[in-house]
There are 4 protein chains.
Amino acid sequence: MGILRIGHVALRVLDIDRAIHHYTKVLGLLQSYVDDNGSVYLKGWDEWDLYSLKLTESDRAGVEHIAYKVHHEADLETLAARVEAWGIAVSRHAAGDLEGCGRTISFALPSGHLMVLYAEKEFRGKSVGTIDPEPWPDGLQGAGVHWLDHVMLMCPVDLDAGVNTVADNVRFLKEALDFYLAEQVLAGPDHSVQAAAWLFRGNKPHDLAMAGGPVAGLHHIAFYLDSWHDLLRATDILGKHRVKMDVTPQRHGITRGQTTYFFDPSGNRNEMFASLGYYAQPDMPTITWHAEELWRGIFFHHGEPRPDFIEVYT
Amino acid sequence: MGILRIGHVALRVLDIDRAIHHYTKVLGLLQSYVDDNGSVYLKGWDEWDLYSLKLTESDRAGVEHIAYKVHHEADLETLAARVEAWGIAVSRHAAGDLEGCGRTISFALPSGHLMVLYAEKEFRGKSVGTIDPEPWPDGLQGAGVHWLDHVMLMCPVDLDAGVNTVADNVRFLKEALDFYLAEQVLAGPDHSVQAAAWLFRGNKPHDLAMAGGPVAGLHHIAFYLDSWHDLLRATDILGKHRVKMDVTPQRHGITRGQTTYFFDPSGNRNEMFASLGYYAQPDMPTITWHAEELWRGIFFHHGEPRPDFIEVYT
Amino acid sequence: MGILRIGHVALRVLDIDRAIHHYTKVLGLLQSYVDDNGSVYLKGWDEWDLYSLKLTESDRAGVEHIAYKVHHEADLETLAARVEAWGIAVSRHAAGDLEGCGRTISFALPSGHLMVLYAEKEFRGKSVGTIDPEPWPDGLQGAGVHWLDHVMLMCPVDLDAGVNTVADNVRFLKEALDFYLAEQVLAGPDHSVQAAAWLFRGNKPHDLAMAGGPVAGLHHIAFYLDSWHDLLRATDILGKHRVKMDVTPQRHGITRGQTTYFFDPSGNRNEMFASLGYYAQPDMPTITWHAEELWRGIFFHHGEPRPDFIEVYT
Amino acid sequence: MGILRIGHVALRVLDIDRAIHHYTKVLGLLQSYVDDNGSVYLKGWDEWDLYSLKLTESDRAGVEHIAYKVHHEADLETLAARVEAWGIAVSRHAAGDLEGCGRTISFALPSGHLMVLYAEKEFRGKSVGTIDPEPWPDGLQGAGVHWLDHVMLMCPVDLDAGVNTVADNVRFLKEALDFYLAEQVLAGPDHSVQAAAWLFRGNKPHDLAMAGGPVAGLHHIAFYLDSWHDLLRATDILGKHRVKMDVTPQRHGITRGQTTYFFDPSGNRNEMFASLGYYAQPDMPTITWHAEELWRGIFFHHGEPRPDFIEVYT
């Protein structure tokens, strides 16, 4: 059955202690593990696997790899074959090579990002348990985000050189990994250039999004909240902690997301994303944004350019 | 890939005009088609297929059939074979036999309810379109529900006679149709009786729910709203229209749903269901409610028995 | 300038420890004082005076007195004279006779309830302080109610005996204490019987409400929350604590209140009341509910009788 | 009893038709009157007097006068005498001189703004009526704002020249008109300069606010919404209408307001302000913001300077 959902992001941070404080006290993730190299693993209260975020101290910020969970062990080899058939080399790793996980495969997306697939990860359980559970746990800290929701990658595009790895990624993800295209931005004089894309495997508007930029990088990782009201409370908490903000609570046109953006202490952009938006399905027609309406699509309320929103990333 | 989602419910109503008023002016569905027999077809503004609700005038209320959409035409025959292998007879119907749909298969669930599967339905499109869409359309009426979200069936259970079609349905839906079990109620002295179940194919807590009762019937059909606040506004609208209420806005323990229940003019129970609740996935451990906590599970806020809530249905 | 607002309610409770737990851990009031007799005083985080609730252990539940704060010390004697002129005896008390307060006057309302007026109460301050305050404090417990908002009294009415202390109270409160009538229920064949009333001195729909009953008592004390969403979270917390519920989140027609009702461990009814409703002003025309629409006025969503809601009180 | 509330703002607009469209179709005010000079009068659905906004076409935008309603006719002469005693000249006008109003007095604030007081204005009634009213009316357009909530004036400050009309206004409004000071910004090396102030007569954090600038003008007029959720919907509507935005939904530290700012087609700044914030009372201690925290006070979520927010006004 293939890919289920985003499983985790492995993130580089400049100062592990400040990162832990940010992701636990401010966002409300739970620290679930520390490995021998000092990397720290965290999970949301509403997730059941051991971790959805790995933090590793480094001299530069950014994403190390993105990992998606597949349904069955056998999917790994099926998908590996399809990736190889598409012309991309696949590495195969034994169980345990990736902390807490079973066998994995990994490969580079056309954009250069490292993608990992796994079928098994150590089970930890939701904070509310599985017997007569309460709707939310006591003792949440900070914003109390539910889960890692999606990631957005910046993908090299140089049209003069004939390079558009957004389009390449989309084609690869659809053809080799059975992703579906929820929304896209078409740019260029005849709207022939796929400048950004939102793809899904589950029923949310995106599990993996991407936009074009000068170099490969991470635009943001996003965490789920239930409602616009939770987003107010969560952004109040960002204010209390003097977190560096990027975008205060707004409505996306694209995905209909109720959103707020900010930076972790290393400069990695975070999003808190509220409400389902819409129910994505394989037979839902793809939504297209013309570049002329790009900023309205990003910031539906004001519709004005914020170049730094797409130029600044890690 | 099998079943995608609930596609529509065919409902019997006592007075078609009153039903149309209820489902369009109060709930905000859009009338999209009328067939030669006077049956009326409706869709939510956020759905793209021709209809998700079919209303047929009759001398008794209740559900005629429930229909689920499968991903590919080929899935129909694959699933037909699995249903037959499970020991249930399957009927095959030509395109057009079911209004606006391609080929269909149909069969009776162990509980006796008629289930239809189809791969194609005439496309109509969301009210907001697919090019630079606004987050919601102008001119919505009433509650402006987004889509048909799920259905709950009442299934014959007579433990003295060794009959438990809730459990039979669950086994069938899992084994033959690849549904996943999100939550269940276990009753009996040793919690060995599966008294109610919530199953999903997508990532919402339920696409098909069922509970045990003396005779087969319909407990409710549910429509989606985005938030608890939308639910207040929607229930205000029910009050303005003097709709017969069943349950005012509350929190379910089961599914975490933010919910309100009421009756259409024929006595068919409706639900408006807000927020995603949680993100259901095949590897999410099943949540179990012990019968002792059943009422807390249904009505988390007060936890008190409301026998009529499970005894009254169509 | 007369009465500013409700200052506090002195409540009798059957078990002081359970009462403290309820009002601090569940509702989120802060314990601010204990007197020599073991009475416990509490305040909301958004209140600046020493207390708004006094709890005294007793062998029966109910209200001991209600206290309203006047603007200036001189208002006490002015109002005492007006109360006496109206024909009601007034007691005058030295500073300190009422814990933490300056001079007070007290008198019995026509309904028999003891009402206290004071101009000074020891200052404690809001939890967020007055210099560069945050919008809400860290470390709130339970529902985190903002302040004591109003009280509703049950007032003896025996129409056969020519007794209607609701109407008597209204006349007294308007004429002697300059309250304004926001809403009223008119009953009887020609709508000539004032069966319930909501009066204000500030700009909220009510500072003091009353309804008719067989004997004098307390219908409820109400605490303020900011929004319908806060009310969901707060009622979830009631569910977590297994508090005995009376009315799950609903919309009042009367006052437009977003409301939930429940009982403290002694059986005193509590309300959490969200949002301003409307802006009450002396020149706002009084809203009248005809008795035929009483239940729609109380429970706008379902409009059905709940006799226990007016028959059960302390 | 003096001033009750803001009664109306008389606004100059560059194009009356575009202004009418903005204030009715986008904000949802109701046009209630047109005078012989073509000025247009509007009211919110939840207001009972004839109008709260007067629009007059002009070759420049800005405020013509602000009007406050007093409780009793006799208050007019009492306050006129106090204003004169304070050293400010008062004009007295016959009933009808101000459209739809009884007798009025007018005078210039120290900042130069024209302030009008009146006791009587023609009654029109809330859209929901006074008998068994629904909580909100059917057929609202646009954002459906409830009422004109407050106004913020820009007041000349030139410290080198010893001019601070913010401080002058505050002193005047407190001493002559019995306003109360809810919040203030103190600037200067020893926090001795009152740079902005929020004053109230009712129980909301402000009925009249002011900040210092190079010339007298209007910072914004504000309309009330019930909740943060209503603010999302309202700002979505601004986006649909391509209204020029100033500040997308945010939390003020000052007043705790949930807010969005934008411009009418003439460049007059509007605010939609949601939720009560806190309950202002004469004995509530004044909240002080030190200039170092000014931007956190204005924009609690990001706390960053937005000089244009205080430099651009009409």
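Every chain is numbered from 1, with letters handed out A, B, ... down the list of sequences.
Contact of D:K244 with chain A is made through the side chain alone, with heavy-atom distances under 4.5 Å.
Here the two rings, on D:F262 and A:H301, have centers that are 6.0 Å apart or farther. Between A:H241 and A:H22, the ring center distance fails the sub-6.0 Å criterion.
Heavy-atom pairs under 4.5 Å with chain A were tallied for D:R251, D:H302, D:M245, D:K240; the largest tally goes to D:R251. Interface summary for chain A: among D:L232, D:V247, D:V243, D:I237, the most heavy-atom pairs under 4.5 angstrom belong to D:L232. Contact count against chain A (heavy-atom pairs under 4.5 Å) is highest for D:D236 among D:D246, D:T248, D:D236, D:L238.
In summary, D:R242 and A:E293 engage in a salt bridge, as defined by a charged side-chain N under 4.0 Å from a carboxylate O.
For D:E57 (side chain) and D:I16 (main-chain N/O), a donor-acceptor pair under 3.5 Å exists by modelled atom type.
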